[in-house]
Amino acid sequence: MLRNIHVKNFALIDEVEIDLYKGFNVLTGETGAGKSIIIDAVNFALGHRVSKDVVREDTDYALSELTFSIDNDSIIEKLKSYDIPYEDGEIIFSRKIASGKSVARVNGETVPAATLKILAADLLDIHGQHDNQSLLSKASQHKLLDSFLEDKLDSKLAKLKECYVNYKASLAELENIDISESDKQLSYLTYQINEIDGASLSEGEDEELERLYKKMSSAKKIAESVTLAHRLTGYEDNGAGAGVGRALSQIRMISDLDDEAKELETVLTDIDSILNDFNRMVADYESSLDFSDSEFYEVENRLNVINSLKSKYGNSVESILINRDRIASEIDKLNNIDEYRLNLEKKVGELKKELLVYCEEISDIRMMGAKDISSQIVNALKDLNFLDSQFEIRVTKDEDNITSSGYDDVELFVCTNPGEKLKPLAQVASGGEMSRIMLAIKSVMAKKDEIPTLIFDEIDTGISGRAAQKVSEKIGQISRNHQVIVVTHLPQIAAMADNHYEIKKETVDNRTVTSIKCLKDTEIIEELARMLGGVSITDAVIENARDMKIQANNNKLEF
């Protein structure tokens, strides 16, 4: 549930704080007061783009914060997957824009704006007037049906997509076979494999040669240091070994006379033994530094050959050998091009059959689901004063147009007037009808929707009278199981709210400021009267507003 909205320096807003509650929350105010700015600020906090001009004049930044209380396991798991700290059942979305750049945070952790959208998808759904228009496209209608049926469709759609990708890849491979070019390609591949095989590569050879080349290139410097170390630790010319040997002879003469001297003899004997071992090792190492110019050039030339192959076939000997096997496979394929094409044609055919099976299964689910959902939406439309309406989600198969989502064409048909035929939604619905149709769809979705908060931004445009009353009742019903936030200009809808917020535009210190206030009983009646009566608010209008609120409260008892 959305508990709090905090907005600062955003467009006309200096700073506002809104505490929200369960049930039906409504935001009202005169045209231009800033209702849409609040929704813009919410969208901004959820990761959507805004113009850099939203930063209030004479300020350095704009800020929007949303605080949610959550008990949803899926959102908690998502927070963990992004390493976002979580405690006390709370999640805070914060986004700040300054100097044209924005910074997004979730519970204090900086995240990309895209992450805000991903996390918000489980928390809040915003529906505005533009969504009515998007519903007119077939793509949106197809997506709508699948969202209703996601529990039944998701696993099958995943299998279909995997099969579709394999089918398209195999089909593209088949279409790219060009027998006329096969001889030229075979010649080129044969040259490549002969070049690789001619080098007689061994795995790890390049690493060993690079180590040896480095040693040979630095042999003179290494030899000087090793020779000096050998002399300093040796048994000639007063080296450390000679000194340790003389010291050991002296200690041995007295070791039988005292136990502590015996211990010294033991330690010095170990030192002498270590020096002996070191001198043998360093002598062997000195010998390994003795190589001819021809040996050096042999290593250098071999490295050049390998590095030349690396530039063509991979960045290591292992990669070159892997590519060698791939080339060999291509050669084998070209040597048997007719057989390969027949096998590929067979594979494409089998994948097409498998694809059609998945498409058929998915289409059956859509058709059965479309009937059930259409029936529910008809009932919801009746609740919205479409008493004799018809609604149908038509699913039509088209095997010549297979996509990763199947071969179904989905379109919504509706009839809102008795005696008329069903027609595509785009051809029959007026603006006011579209608002009610969309609300009917939303109310059906809400039955299965786990998203706790729904925001409706002036979807009541184009309706009035009894239709407005029915819309208010439907939103009231939805609010029994969801937190609903509605921006409206209709008193019938505002009267149904559990919590009423007034948005005002005022002039403070010669600056225009938008403010928000949670109204109490008398204030609610006054705001409803303003919405009913406009400029002239008489006692009769006040009484009408009071009656409207009482009637709305009585209606809510029936939900």
Side-chain angles (χ1 to χ4, degrees), residues 1-20 25 27 32-70 72 74-88 90-131 134 451-458 483 485 487 501 503 505 511-516:
M1 183 184 82
L2 180 59
R3 283 180 23 217
N4 179 271
I5 301 173
H6 175 215
V7 183
K8 186 173 182 179
N9 301 334
F10 197 97
L12 296 178
I13 296 174
D14 184 13
E15 184 169 15
V16 297
E17 189 108 13
I18 313 171
D19 290 322
L20 296 159
N25 300 268
L27 280 63
K35 300 187 292 297
S36 61
I37 295 175
I38 298 297
I39 302 303
D40 289 343
V42 170
N43 272 315
F44 173 62
L46 297 178
H48 295 272
R49 291 183 178 182
V50 295
S51 168
K52 61 182 180 181
D53 296 336
V54 299
V55 179
R56 187 167 171 78
E57 190 175 346
D58 297 329
T59 62
D60 297 328
Y61 68 90
L63 172 71
S64 179
E65 288 183 335
L66 308 178
T67 302
F68 294 87
S69 58
I70 58 173
N72 184 314
S74 67
I75 187 64
I76 293 173
E77 287 303 314
K78 280 186 179 180
L79 288 173
K80 291 179 179 178
S81 70
Y82 285 99
D83 294 324
I84 294 173
Y86 160 77
E87 59 183 22
D88 299 329
E90 184 175 271
I91 178 171
I92 301 175
F93 285 61
S94 173
R95 196 160 174 221
K96 183 177 182 179
I97 184 171
S99 302
K101 297 181 179 180
S102 69
V103 177
R105 291 186 174 87
V106 179
N107 285 356
E109 292 289 318
T110 302
V111 298
T115 301
L116 293 177
K117 293 181 182 179
I118 293 170
L119 295 174
D122 289 333
L123 294 171
L124 186 148
D125 181 21
I126 298 180
H127 179 76
Q129 295 180 57
H130 67 279
D131 295 315
S134 68
I451 297 175
T453 299
L454 303 175
I455 295 180
F456 294 102
D457 181 17
E458 296 193 5
Q483 181 192 39
I485 301 167
V487 176
Y501 302 83
I503 301 177
K505 185 167 68 175
R511 298 184 71 195
T512 302
V513 175
T514 290
S515 63
I516 299 176

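On a predicted model such as this, the values are computed, not experimentally measured, just so you know.
- With sequence neighbours excluded, the residues that form a ring-ring contact (aromatic ring centres under 6.0 Å, His included) with Phe10 are Phe44.
- With rounding to the nearest 0.5 angstrom, the CD1 atom of Ile503 is 8.5 Å from the OG atom of Ser36.
- Nearest heavy-atom pair, Ala113 versus Arg95, reported as atom, atom and distance to 0.1 Å: CB-NH2, 4.0 Å.
- The side-chain contact (heavy atoms from CB on, under 4.5 Å) search around Asp19 returns Asn4, Tyr21, not counting sequence neighbours.
- Atoms CG and CD1, from Leu119 and Ile75 in turn, are 4.5 Å apart once rounded to the nearest 0.5 Å.
- Salt-bridge formation is detected for the pair Glu90/Arg3: a Lys NZ or Arg NE/NH1/NH2 atom is positioned less than 4.0 Å from an Asp or Glu carboxylate oxygen.
- Note that CD1 of Ile5 and CD1 of Ile485 are 5.5 Å apart. Values are rounded to the nearest 0.5 Å.
- Within the 4.5 Å cutoff, side-chain heavy atoms of Met1 are placed close to those of Ser69.
- For Lys35, the side chain to side chain donor-acceptor pair (under 3.5 Å) test picks out no residue, with sequence neighbours left out.
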Run the numbers on Leu63 and Ser94 for side-chain contact (heavy atoms from CB on, under 4.5 Å), then give the verdict.
CA-CA 7 Å; Leu63 172 71; Ser94 173; 3.7 Å; yes
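- Between the CG atom of Asn43 and the CG atom of Asp457 there is a distance of 8.5 Å, given to the nearest 0.5 Å.
- Judged purely by atom type and a 3.5 angstrom limit, Asn9 uses its side chain to pair as donor or acceptor with the backbone of Tyr61.
- Every residue two or more places apart in sequence or in another chain was checked for a side-chain contact (heavy atoms from CB on, under 4.5 Å) with Ser99, and none qualifies.
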Report the C-alpha separation of Val16 and Thr514 in whole Å, then their side-chain angles, then the decisive distance to 0.1 Å, and conclude whether the side-chain contact (heavy atoms from CB on, under 4.5 Å) test is met.
CA-CA 8 Å; Val16 297; Thr514 290; 5.6 Å; no
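- None of Thr67, Leu123, Thr453, Ile18 except one satisfies the side chain to side chain contact (heavy atoms under 4.5 Å, CB included) rule with Leu2; the exception is Thr453.
- The structure places CD of Glu109 at 12.5 Å from CD1 of Ile92, a figure rounded to the nearest 0.5 Å.
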Which is it for Ile38 and Val487 under the side-chain contact (heavy atoms from CB on, under 4.5 Å) test, yes or no, and what are the steps along the way?
CA-CA 9 Å; Ile38 298 297; Val487 176; over 6 Å; no
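- Asp40 approaches Val50 most closely through the heavy-atom pair O-CG1, 4.3 Å.
- Remark: side-chain polar atoms of Arg56 are not paired, donor with acceptor, to backbone N or O of Glu15 under 3.5 angstrom.
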Go through Val7 and Ile37 one step at a time and tell me if the side-chain contact (heavy atoms from CB on, under 4.5 Å) criterion holds.
CA-CA 10 Å; Val7 183; Ile37 295 175; 6.0 Å; no
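- Distance check, rounded to the nearest 0.5 Å: OG of Ser64 to CG of Leu46 gives 8.0 Å.
- Not counting sequence neighbours, the partners of Val111 by the side-chain contact (heavy atoms from CB on, under 4.5 Å) test are Ile84, Ala104, Val106, Thr115, Leu116.
- Of all non-hydrogen atoms in Asp60 and Val55, the two that sit nearest each other are C-CG1, 4.0 Å.
- Tyr501 and Leu20 get closest at one heavy-atom pair: OH-CA, 3.5 Å.
- Under the salt bridge (charged side-chain N to carboxylate O under 4.0 Å, His left out) criterion, the residue pairs touching residues 111-122 are Lys78-Asp122, with sequence neighbours excluded.
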